[in-house]
Trainee: 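Quick one: the structure is below, questions incoming.
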Amino acid sequence: MTVSHTGQVALVTGAAAGIGRATALAFAAKGLAVVVSDVDENGGAQTVALIQGAGGVAHFVGCDVTRDAEVAALIARVLELYGRLDYAFNNAGIEIEKGRLAEGDEAEFDAIMGVNVKGVWLCMKHQLPVMLKQGGGAIVNTASVAGLMAAPKMSIYCASKHAVLGLTRSAAVEYARKNIRINAVCPGVIDTEMFRRAHEADPKKADFAAAMHPVGRIGKAEEVAAAVLYLCSDAAAFVTGVALPVDGGATL
Ligand code: NAD
């Protein structure tokens with residue numbers, strides 16, 4: 001199958017797995033050229049192979065989103081490869097906490113804030129000048145339902161996702177008149193490696209995860225991808241600065 005290339009370009013961070021991979025595949029299926037970025041080269045190469053196998057256009061560019069110089073180099077490489085950047089999905093994120101707030105340590109705090117907050121900030125910092133020069137674009141950041149409410153025993157992660165929404169909303173206002181829309185998705189529990197790592201040791205927690213969503217199940221990465229594509233589309237032309245729950249009703 002050949003997907004014809006629309007000439008539009010999407011960048012996805014954290015695209016070696018899970019929600020990022022599903023979104024990279026969804027952009028490519030719509031005919032966009034996709035820059036697949038991650039620290040995980042093997043996973044990234046697999047995402048590219050899946051896209052190319054379906055007739056799409058994609059390149060892998062390695063990048064640790066916590067490093068300013070690497071993010072600058074990533075955006076420079078996007079321009080070198082495709083000459084433009086229409087959509088960016090800043091999705092790379094980590095979750096490593098297991099205990100209550102007082103049991104956390106400084107290294108954990110710095111690591112989570114580094115990827116989830118500084119990473120999103122650095123990505124937008126380097127993407128926005130490109131979109132400004134082009135005259136428009138759309139950015140979607142991955143927050144979480146933990147950005148909208150408490151997350152017991154995940155307080156640092158919870159704070160990091162609240163911060164993603166602060167960055168998203170502030171940037172949305174700053175760039176609203178520049179034809180750049182900036183939104184966030186807030187997934188509930190989604191069936192990815194992150195979820196499996198957290199829950200495989202304790203099946204009861206998996207049952208609890210399903211039960212916390214009124215629809216009675218956890219979500220699929222493809223369901224988050226569909227929301228990201230909507231937020232990037234012309235159908236969302238009047239939508240900016242939103243924190244869109246994709247959560248089977250969990251935040252209700
Ligand atoms: P995942 O672990 O499957 O994928 C995350 C990807 O981010 C991995 O490929 C990883 O290599 C990459 N990554 C980690 N650190 C990085 C860095 N410094 N630079 C570049 N890439 C890096 O997880 P996922 O479930 O697909 O999560 C994607 C996003 O969705 C994260 O921001 C996460 O916090 C968020 N989220 C996930 C869930 C869930 O239940 N799975 C729920 C809400 C929000």
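Read the numbers this way: they start at 1 and go in the same order the structure lists the ligands and their atoms.
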Trainee: With sequence neighbours excluded, tell me which residues meet ring pair (Phe, Tyr, Trp, His ring centres under 6.0 Å) with F195.
Mentor: H199
Trainee: Can you give each donor-acceptor pair under 3.5 Å made by side-chain atoms of residues 73-85, sequence neighbours left out, with the distance rounded to 0.1 Å?
Mentor:
from, atom 1, to, atom 2, distance (Å)
R77, NH1, E80, OE2, 2.5
Y82, OH, H59, ND1, 2.9
R84, NE, D86, OD1, 3.2
R84, NE, D86, OD2, 3.1
R84, NH2, D86, OD1, 2.7

Trainee: Is Q52 reaching over with its side chain to a backbone N or O of A49, donor-acceptor style, under 3.5 angstrom?
Mentor: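 No, the answer is negative, given that no donor and acceptor are paired below the 3.5 Å cut-off.
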Trainee: Between N141 and I182, what is the shortest heavy-atom contact and its length?
Mentor: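 It is ND2-CG2, 4.1 Å.
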Trainee: Could you list the residues that satisfy salt bridge (Lys or Arg N to Asp or Glu O under 4.0 Å) with E193, not counting sequence neighbours?
Mentor: R196
Trainee: Check each protein residue for a heavy atom under 4.0 Å from ligand 1 and list those that pass, ordered by chain and number.
Mentor: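 Ligand 1 pocket, heavy atoms under 4.0 Å: G14, A16, A17, G18, I19, D38, V39, D40, C63, D64, V65, N91, A92, G93, I94, V115, T142, A143, S144, Y157, K161, P187, G188, V189, I190, T192, E193, M194, R197.
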Trainee: Report yes if some heavy atom in the side chain of L148 is under 4.5 Å from a heavy atom in the side chain of L165; otherwise report no.
Mentor: yes
